Amino acid sequence: MNKTDLMENSQPLYDKDQLLELEQAIDFATKAHAGQKRISGEPYISHPLAVADTLMSWGMDISSVIAGLLHDTIEDTSVTITEVENIFGHDVAFLVDGLTKVSKARANMQDLSNYLPMTKDNLSKLLIAVGQDIRVIIVKLADRLHNLETLQYLPKDRQLKVARESLEVFGPMADRLGMGRVRMEIEDLAFKYLDPVEYKRLKILMSKRLGRSTRKLGEIRSEIEQAFKKQNINAEVNGRVKSIYSLSKKLAKVNGNIDDIYDLMALRIVVDKKEDCYQILGLLHSLYKPMISRIKDYIATPKPNGYQSLHTTVITPNEQIVEFQIRTYDMHEFAERGLAASFHYHDQKTSKDYIKSRDVSSLPDSMQWITQLQAIVDKLKDGEEISKDQLNIDLFSNRIFVHSPKGDIYDLPEGALPLDFAYLVHSDIGGHAQGFRVNSKIHPFDKPLQNGDIVEVIINKLSKPKQAWKNLVTTTHARSKLQGQLKQSGVVGTITNAAAIIARKKK
Ligand code: MN
C-alpha cells in the first residue's frame, strides 16, 4: 500500500475537503515515520497506510481513517498530541490519544514474563480509551488485523503472544461489536500461528469435504432459485463457508467427527424485506424436511451482539443435510460489519450524533452495553477499585435479552439475576423490589434469567434494599447502584464496622 493507491481507493468515498485532509494526513505520517522500517524491511508508513485502507473498506468516517494513519505517531515519533490537534482537530486528536493509551497498555503487557492477556491496569487503560469513543477499538481492530497479516516477520515467541492475545481479546471484541467478518479473519489468522499443524489438517479436511458438497449444493441452489422465481421473490443466494477456527471449536464439541457438523457450508439467502425472510423459510420447509430443533429465529430475538437472521437446517430427498441462513440486506450488512456500519460515510447521521455527544443512545439498542462500559470508566477515573472478574463479566461473556412486560428489551450478561434486571430498568425499581414474576411465574431472587424471559418486578414502596442482596446481583451496574443505596441508608457502614469489631475481637 502506498499513497497513490490509498488516495485512489478513497476517491469515491469522501468529499473534496475530506480528501484534502486525508492527503495532508498521509504526508504528515510519512514525514513523521521517515527512516523507520518495519521488521519486514518495508518502510514503516506502509503499516498506517494499510490500516487506513482497511478502515475505508469498512466504511468508517474520515476521522477514524485519519486516526488510523496517525495511530503510531505519538508513541513512535516526535509528534505530539497538541500538534495533531492543531492540524487535524479535536476529534482526530481524541482518537489518536485513545489509540496511544491502548498501545501503551499493550507494551506493558509484553513486559510480563508470564503471559496475561489483560492485567487490571492494562484493561483499565484500554477501557478508559475505549469507553470514551468506541471508534478507538474499531481502529485498533484494523491495526491488529494488519499486524496479524504481517506476523510472519516476527520472532516465534512474539508471534505466539500476538496470536494468543488476538484470539482471547480482539476476536471477542470484534464479536461484541457485531463485526462478524473481522472476527473471523482475526481468529483464522491467529489460529494459524497458535496451532499450525491443526490448522493445516483442518484446512485440508475442509477442502476435501467442500469439494464433495459444493456440487450437491449447486443443485439445491438452482432448485430453490427456481422456486423463488415462481413465487416472484427477489433473492440472492450465496454459499458461505465456515471459518477454520470455528470449525475447530465445533469439532471439539462433537468429539472430532466432521460428519456431525451440518453447517460446514451453508446457503445464505439475502432479500429486501423482513417479510420475505419468513416467506422463504416457509417455502424451504415446503420443499425439504426441516430439523425442527435447529430452526432459529434471530430476527425476532437477535443475538446479544445484534446479529439477525433466520437459520434452518433441512434434509433433502437424497438425505443431504443443508443449513440455510435467511436475512435482509440490512441485516447482512450488520452481520458482516457490525458497529462499523453505524459510522458509514454514506450515513453520517448516526456517526455525527455520536461524535458530537459521544452519546451511546444514538447507537443501536444491542450496543447499549457500551453505557455500562462507560460507567466502569467513570469509576476508574474516580479511583474506585474494580475487579478483573467484574470487567470480564460485563465485557466478554455472552449476553442475554430479556423483556419487560411492556415488551422493552434489555441486554444483560449470561447468568444475570432478577435484581440485575430490576436495577437496569431503574435503581428505584431495584431498590423497592419485593419479588419477581418471570414468564408469569413467581421467580426466586437467586435463579438466573434466560434469554427471552419476560421479567416483571413486584414492587413494594416500603421495601428496602438488603445487605444480602450483594450476593444476588452480578452486574457492575446493579452492584454499584445497590452499594450506593445501602450506603445511603447507613447499612454498609454499620455492618462493615460491626464486622471489623468482630474480626478484631476474634484476634
Ligand atoms: Mn500499529
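Computed from a prediction, not measured in an experiment: that's the story for all the values here. Whatever order the structure lists ligands and atoms in, that order sets their numbers, starting from 1. Because only heavy atoms are used, hydrogens play no part in the values below, and waters and symmetry mates are left out as well, while side chains stay in.
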So H311 and Y298, ring pair (Phe, Tyr, Trp, His ring centres under 6.0 Å) or not? Walk me through it.
CA-CA 8 Å; H311 289 190; Y298 293 121; 5.2 Å; yes
Please find the pair of heavy atoms, one from G239 and one from L267, that lie closest to each other, and give the distance.
CA-CD2, 4.1 Å
Here the vertex angle at the Mn ion (ligand 1) for NE2 of H71 and OD1 of D143, given to 10°, is 90°
Determine whether Y245 and Y199 satisfy the following criterion, ring pair (Phe, Tyr, Trp, His ring centres under 6.0 Å), listing intermediate values before the conclusion.
CA-CA 8 Å; Y245 181 65; Y199 179 87; over 10 Å; no
Presence of N, O or S from H146 under 2.8 Å of the Mn ion (ligand 1):
no
Write the atom name of the N, O or S atom in D72 that is nearest the Mn ion (ligand 1).
OD2
Would you say the side-chain atoms of D420 pair up with the backbone N or O of T475, donor to acceptor, closer than 3.5 Å?
yes
